[in-house]
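Here is the naming used below: chain letters follow the sequence lines, and residue numbers restart at 1 for every chain.
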There are 2 protein chains.
Amino acid sequence: MHDRVDLVKIYECLCDRTRLRLLNVLAQGPLCVCHFQEILREPQVKISKHLGYLRTRGLVAYERQGNWMVYELPAKPSRELRANLACLQDCARENPVFRRDLARLEKLTPKFAETSPCGCRPAAKTTAG
Amino acid sequence: MHDRVDLVKIYECLCDRTRLRLLNVLAQGPLCVCHFQEILREPQVKISKHLGYLRTRGLVAYERQGNWMVYELPAKPSRELRANLACLQDCARENPVFRRDLARLEKLTPKFAETSPCGCRPAAKTTAG
DNA sequence: GATTCATATTCCCGAATGGGAATATGCATG
DNA sequence: CATGCATATTCCCATTCGGGAATATGAATC
């Protein structure tokens with residue numbers, strides 16, 4: 001089925017600051033690359049590479065929507081992954097960097113709803129009135 | 001106080017199989033290097049180096065007892081460390097490698113009590129009758 | 001103070017990592 | 001099919017990593 005992700009692989013994915021930030025933001029819902037760029041304020045290569053890293057190790061799923069690549073957490077994460085993502089969530093709650101990212105996400109969500117036809121944010125359900 | 005260990009550092013410590021095994025065993029109580037060697041069945045350099053890695057990053061404490069170096073989990077771990085060690089414990093419960101290590105620990109504990117004067121296992125309280 | 005035991009450190013190696021510049025891919029639209 | 005946009009990949013580089021052989025340290029004991 002969904003490839004077995006063992007513990008060490010999970011921790012390898014978690015031991016980079018950028019990847020932690022990506023996962024933290026992803027916990028709020030699917031998002032596409034350009035939005036990550038805006039939220040983390042990191043260059044495209046960096047975002048894309050780290051998402052690739054997570055992708056090849058099964059920590060994120062992705063789906064193409066036209067030009068956009070929409071990333072999301074796996075639908076059926078392993079027990080280990082679920083536990084560790086929950087733990088990360090817990091730890092991130094008090095961390096200024098993670099909180100800032102989430103604040104930016106919140107702030108940018110309406111803008112994303114307008115500019116991106118990919119519907120990668122739930123709020124993007126506005127039928128472009 | 002106890003140096004601030006940030007999340008990434010913790011995950012860097014957790015992303016190696018040997019170090020995970022060390023921490024898993026350590027969760028049962030303090031232990032010295034030679035015992036780790038027997039339990040993990042890995043060469044001395046490997047054990048010592050990985051313990052050093054954990055030590056310099058504040059994930060384990062240690063105390064010299066004669067010739068023996070007794071390692072243990074930090075007395076006052078940070079919130080993040082506590083959360084992640086708990087998560088590791090949870091994940092390790094179903095993992096054959098970790099279980100095997102704990103089984104060996106259990107089995108070897110009486111022997112340790114005889115052979116090591118370092119008292120690094122609680123069971124070593126035998127007053128050498 | 002020489003020896004022994006437990007442990008740590010130093011070299012050396014091949015492999016992986018993270019980062020950025022440049023380039024390639026793939027979809028959409030004119 | 002040329003162009004533009006969003007994203008991925010390829011090189012290249014400096015750094016770190018994990019492993020093992022050999023050596024060093026430091027405490028205990030003779």
Legend entry - Rounded (10°) bend between the five-pair end axes of the helix from dG1(C)-dC30(D) to dG30(C)-dC1(D): 0°
Legend entry - Gap between atoms CD and P, on Glu38(B) and dA6(C) respectively (whole Å): 10 Å
Inset, instruction - To the nearest Å, give me how far apart CG (Asn67(A)) and P (dC27(C)) are. - result: 9 Å
Legend entry - Euclidean distance, Thr18(A) OG1 relative to Leu23(A) CG, rounded to 0.5 Å: 11.0 Å
Inset, instruction - Write down the distance between OH (Tyr62(A)) and C1' (dA6(D)), rounded to a whole number of angstrom. - result: 15 Å
Inset, instruction - Ignoring the backbone of Arg55(B), work out which of dA6(D), dT7(D), dA8(C) is nearest its side chain. - result: dA8(C)
Inset, instruction - Could you check if a side-chain atom of Leu22(A) sits within less than 4.5 angstrom of a side-chain atom of Tyr71(A), using non-hydrogen atoms only? - result: no
Inset, instruction - Starting from P on dC17(D), measure out to OH on Tyr11(B) and report it in whole angstrom. - result: 18 Å
Inset, instruction - Do nucleotides 10-21 of chain C as a string where each nucleotide becomes B, S or -: B if the base has a protein heavy atom under 4.0 Å, S if just the sugar-phosphate does, - if no protein is that close. - result: BB-----SSBBB
Inset, instruction - Rounded to the nearest angstrom, tell me the gap between atom CZ in Arg64(B) and atom P in dA8(C). - result: 8 Å
Inset, instruction - Determine whether Leu14(B) and Ile10(A) make a side-chain contact, defined as any pair of heavy atoms from C-beta on separated by less than 4.5 Å. - result: no
Inset, instruction - Let me know which of Arg21(B), Gln28(B), Arg41(B) forms a side-chain hydrogen bond (donor to acceptor under 3.5 Å, both in side chains) with Asp101(B). - result: Arg21(B)
Inset, instruction - Specify the separation, in whole Å, of atom CG of Leu51(B) and atom P of dG18(D). - result: 13 Å
Inset, instruction - Check whether any side-chain N or O of Tyr71(B) sits under 4.0 Å from OP1 or OP2 of dA8(C), and answer yes or no. - result: yes
Inset, instruction - Kindly say whether Tyr53(A) contributes a backbone atom to a donor-acceptor pair with the side chain of Arg57(A) at under 3.5 angstrom? - result: yes
Inset, instruction - Output the single nucleotide from dA6(C), dT9(C), dT7(D) whose closest atom is nearest the side chain of Gln37(A). - result: dT7(D)
Inset, instruction - Please state how far atom CD in Glu63(A) lies from atom P in dG26(C), giving the value in whole angstrom units. - result: 18 Å
Legend entry - N/O donor-acceptor pair, side chain Gln44(A) with base dA8(D), under 3.5 angstrom: yes
Legend entry - Nearest-angstrom distance from the residue atom CH2 of Trp68(B) to P of dA27(D): 14 Å
Inset, instruction - Drop me the distance from Glu106(B)'s CD to Arg99(B)'s CZ, to the nearest 0.5 angstrom. - result: 12.0 Å
Inset, instruction - Indicate, with a heavy-atom threshold strictly under 4.0 Å, whether Gly52(B) touches base, sugar-phosphate, or nothing. - result: nothing
Inset, instruction - Search all heavy atoms of Arg104(A) against all heavy atoms of Ile39(A) and return the closest pair with its distance. - result: NH1-O, 2.5 Å
Legend entry - Intermediate values then yes/no, side chain to side chain contact (heavy atoms under 4.5 Å, CB included), Val60(A) and Glu72(A): CA-CA 6 Å; Val60(A) 298; Glu72(A) 58 189 346; over 6 Å; no
